[in-house]
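Notes to accompany the following structure.
This structure is a prediction, so every number in the text was calculated from the model and none was measured.
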Amino acid sequence: MPKLKVNDIEVEVEDGLTVLQACEKAGAEIPRFCYHEKLSIAGNCRMCLVEMEKSPKPIASCAMPAAEGMNIKTNTPFVEKARKGVMEFLLANHPLDCPVCDQGGECDLQDQSMFYGVDKSRFKENKRAVPEKHMGPLIKTQMTRCIHCTRCVRFATEVAGVSELGAIGRGEDMQITTYLEQSMQSELSANVIDLCPVGALTSKPYVFEARPWELKKTETIDVMDAVGSNVRVDTYDWEVKRVLPIINEDINEEWISDKTRYACDGLLNQRLDTPFIKYNGKFERASWNEVYKIIKSKFENSSINKVCGFVGDLTNMETGYIFKEFFDRTLNNNNYDSRSDNRFLDNSERENYIFNSSINGIEDADLIFLIGANPRYEATILNARIRKAFVNNNTKVISLNDVNDLTYPYKNLDGQTQTIKTIFEGSDEISKEIISASKPMIIIGESLLKLNSAEHLFNLIKNFLKKNDKFTEDWNPLNILSCDAATVGNFDLGILNKEKNLLEELKSNKFEIIYLVGQDNLEFNKKDEFIIYQGSHGDRGAEIADIILPGSAYTEQDGYFTNLEGKMQKAYKASYPPGEAKEDWQIINELAEVMNSRKLFNDKEELESSMFNYLKLQQEKQITENKEQKIPDFQNEKLNIQIKDYYFSNTIARSSKTMIECNNSKVNIKSTGTEG
């Protein structure tokens, strides 16, 4: 490990680090525009110039490897003069439109020109103007402001895996542009807005909406998929204006998907703000007392066994838990589930339904086998991690199905379940590759779990991995790729019915009362059922309801979510529900009080405490012996990957105008990733 001096402070750094990183380790802050920790080194902007002993010229610290015996100075008059010269060049063509620039207040160029800018320019020629580029409905361009740091180009090529941005021209005529005048074909495209150090690339839906110092900032969790990306929600007067990423190296690094970033405008549209009762096929406004009394009389006049309930894909764990308690304690009935399809689930062990290798573990894998999964659309951030593993480690990826472009090369098989059987019975070349891999990852998608022979295949895969000693103390190769934010949390809480198939009974119209909490994905023909729908948006569930109870969206209540790898994270309240809408747990608590003259829980703290005790008991109860599972019969089937429309995957996304524009700009998305 080389030792060097930075401003007379001796530091020891790892091999391969740059002078810039060594300076930061020594506590010296180095200005930069083009350098970014997650991208390759470009050395374009020259803002990071430092003085090195025995060097006649200043050096670009981002591109110079740290070496033994270097003596670096970062704050001398020589360095300051060099940086001021660079800043003068950068500002030579930069327009003076800070008052109308959306980057104002968050602009690296503004901040650094405060320290290194000069009060007048020696540049006498006319300033250049660059025409605007079309980058789709998400990214607004003002390319005259561009300082050619190429962060956007490197991100698109290296992280997003779409080589659609590049530079044309030379010298002063150079400009960053798309190769074709169309939207960037990536679900991560809007991260270039965060990366852009000036106002050249800004958010189109957020244009001229607010200034950063006017916004209330809340650190919370994303619920658009099961990854659980860490985000910051910015609100203005309780209206969610934008969503930005928070750095979490274990989950989303510092990227978020376009759906996470822009579906937030759906929080304003199609909102349920007051209770409704359906009379003669039309909804009429009602009071809370009125709807509670009607629900109570319906429950009292119906057989308890004729009541069922379903929890949806965006509900937090507190809501799911109190819903379960309402059925168990108030109705004395366990006809509840959180699945909207007949997927196989063995919840005797937690490892049977979570992503055991962890998102971070993807980078350690030496073989990834995708079975019935399309991570690009089911878990965009996780897919970016697989691409990172391929780019950095040349990790081999195999997919059972041809799922079109995943942004990295992969070997695709024929999509038949017989192929899975052959591989995991050990009589195939791929079987040998899995056995010889030190850290293989088997990623099972929800599409596999919906097959008739799902149980056979799941147990076959698990037993094969156990037999070949792939389960170790620091590595679990079995991974389930969940798609919805609430899936793992609902399974942890036991919100599922193993005794009977509720969905089949629902389709056979065996129930009299159906209670839906945020559940909009059930497919059945309604006859005489009385449907209670509790949720935030007037979506599919509300359309078929007889009574609507207005709930809260994820930004309007505190609540826990467990992501696909089993990490529990808390989403914090950033705004308030509209009108008379209430927090979801509160509605169920009040309904229980109306029915039994007693609340289930006195307050939220008591609810959370009870929920954590339940989760602890469940973990202690779970079977931990490594016993071989009994394998039911196998059926040879074609595995078709069924994914939801990416931009319309949940109620908030379906209510978002921006998501509609994204869908219209990428018409081919519906055909990708599915196989007939």
Using the side chain to side chain contact (heavy atoms under 4.5 Å, CB included) criterion, which residues pair with A167? Sequence neighbours excluded. M174, I176
Run the side chain to side chain contact (heavy atoms under 4.5 Å, CB included) test against S436 and tell me which residues pass, sequence neighbours left out. none
If we count only N and O atoms by modelled type, under 3.5 Å, do the side chains of [X] and [Y] hold a donor and an acceptor together?
{"X": "S357", "Y": "N479", "answer": "yes"}
{"X": "Y554", "Y": "D222", "answer": "no"}
{"X": "Y377", "Y": "N383", "answer": "no"}
{"X": "T419", "Y": "D414", "answer": "yes"}

Which residue, R376, R261, K259, forms the salt bridge (Lys or Arg N to Asp or Glu O under 4.0 Å) with E187? R376
Charged N to carboxylate O below 4.0 Å: is that the case for [X] and [Y]?
{"X": "K462", "Y": "E351", "result": "yes"}
{"X": "K38", "Y": "E249", "result": "yes"}
{"X": "D484", "Y": "K644", "result": "yes"}

I'd like to check the ring-ring contact (aromatic ring centres under 6.0 Å, His included) partners of F524; sequence neighbours left out, ordered by chain and number.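 For F524, no residue satisfies ring-ring contact (aromatic ring centres under 6.0 Å, His included) once neighbours in sequence are set aside.
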ring-ring contact (aromatic ring centres under 6.0 Å, His included) partners for F464, two or more places apart: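 Applying ring-ring contact (aromatic ring centres under 6.0 Å, His included) to F464 gives F424.
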Output all residues satisfying salt bridge (Lys or Arg N to Asp or Glu O under 4.0 Å) with K421, sequence neighbours left out; order by chain, then residue number. E425
By salt bridge (Lys or Arg N to Asp or Glu O under 4.0 Å), which residues pair with D337, not counting sequence neighbours? R339
Can you confirm whether or not the ring centre of Y560 sits under 6.0 Å from the ring centre of Y321?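 That pair fails the under 6.0 Å test.
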Just do the side-chain hydrogen bond (donor to acceptor under 3.5 Å, both in side chains) check on S203 and Y262 with the steps written out, would you? CA-CA 9 Å; S203 171; Y262 286 119; 3.0 Å; yes
Value for OG (S482) from CG (D225), rounded to nearest 0.5 Å, stands at 10.5 Å
